[in-house]
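Heads up, the thing below is written out as structure tokens.
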Amino acid sequence: MSPAKKTTFILGTLGAITVLALLYVFNPAETALAPKCVFKAITGWSCSGCGMQRFLHAFMHGRFLEAIHYNYMLVVFLPYIILFSIEQLLLKGETKRRWKRVLEGPVMITAICIMVPIWCVVRNILHV
């Protein structure tokens, strides 16, 4: 790994740990300091990612059913994010190339590009 990539990885990891620690300590539903969704502020609609902060807070506190309630799509995307992270950070060689073909291939990217806007519309029509 090049020095620039190593630095980026370390800073990204520290940033993620900091954000997760803040989300663990502060409930985004109860603090005014939590970032608000710009899409929702402008349109009044929940975006596909709305509820992610509350999901992570509840999930880290072991309240899994409550977490799922905040954003059902994260149940689908959390395993993908974990597998993608494993592929990016841990795998090497041919194994990494095989995982990359699946996780970053046209079928997966197309599926994500279809699911995200559909979820945005569905969650606002059904008010979930």
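Only a predicted model underlies this, so the values are computations on that prediction, with no experimental measurement involved.
Under the 4.5 Å side-chain contact rule for hydrophobic residues, I109 and L78 do not share a cluster. When the side chains of ILVMFWY residues are joined at heavy-atom separations under 4.5 Å, either directly or via intervening members, L91 and V102 end up in two distinct hydrophobic clusters. I118 is connected to I112 through a chain of hydrophobic side-chain contacts under 4.5 Å among Ile, Leu, Val, Met, Phe, Trp and Tyr, so both are in one cluster. Both W119 and L126 sit in one connected hydrophobic cluster of ILVMFWY residues. Membership requires side-chain heavy atoms under 4.5 Å apart, directly or through other members. A chain of hydrophobic side-chain contacts below 4.5 Å, direct or via other Ile, Leu, Val, Met, Phe, Trp or Tyr residues, connects F9 to L90.
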*Any chance you could lay out the side chain to side chain contact (heavy atoms under 4.5 Å, CB included) test for V128 and Y72, step after step, and finish with the verdict?*
CA-CA 8 Å; V128 292; Y72 298 110; 3.9 Å; yes
*asked:* side chain to side chain contact (heavy atoms under 4.5 Å, CB included) for Y70 and H57? Distances and angles first, verdict last.
replied: CA-CA 10 Å; Y70 288 125; H57 177 80; over 6 Å; no
_Under the criterion side chain to side chain contact (heavy atoms under 4.5 Å, CB included), I'd like the reasoning laid out for L74 against F59: C-alpha separation, chi angles, the key distance, then a yes or no._
CA-CA 11 Å; L74 289 174; F59 190 85; over 6 Å; no
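Within the 3.5 Å criterion, the main-chain N or O of A34 finds a donor-acceptor partner in the side chain of K36. Judged by distance alone, with hydrogens and angles left aside, the side-chain atoms of T31 form no donor-acceptor pair with the main-chain N or O of N27 at under 3.5 Å. Side chain of R123 to main chain of C47: a donor-acceptor pair is present (N/O by atom type, distance under 3.5 Å, no hydrogens or angles). Side chain of S48 to backbone of V116: a donor-acceptor contact under 3.5 angstrom is found.
A distance of 7.5 Å separates CZ in R98 from CZ in R101, rounded to the nearest 0.5 Å. Atom CZ of residue R63 and atom CZ of residue F55 lie 12.5 Å apart, to the nearest 0.5 angstrom. A distance of 7.5 Å separates OG1 of T13 from CD1 of I10, quoted to the nearest 0.5 Å. Atom-to-atom distance recorded for M115:CE and T110:OG1 is 10.5 Å, nearest 0.5 angstrom.
Scanning both residues, P35 and Q53, for their nearest heavy atoms gives O-NE2, 3.0 Å. Between E87 and L103, the shortest heavy-atom contact is CB-CD1, 3.9 Å.
Using cut-offs of 30° and 60° for the angle between ring planes, the F77 and Y80 rings count as perpendicular. Note on ring orientation: taking the six-membered ring where Trp is involved, the planes of Y24 and H61 are parallel (angle under 30°, cut-offs 30° and 60°).
Looking only at side-chain heavy atoms (C-beta outward), Q88 and E104 come within less than 4.5 Å of each other.
No more than 12 heavy atoms of other residues, nucleotides or ligands shown are found within 6.0 angstrom of CG on L65.
Evaluated for a side-chain contact (heavy atoms from CB on, under 4.5 Å) with F39, the options C120, C50, S46 yield exactly one hit, C120.
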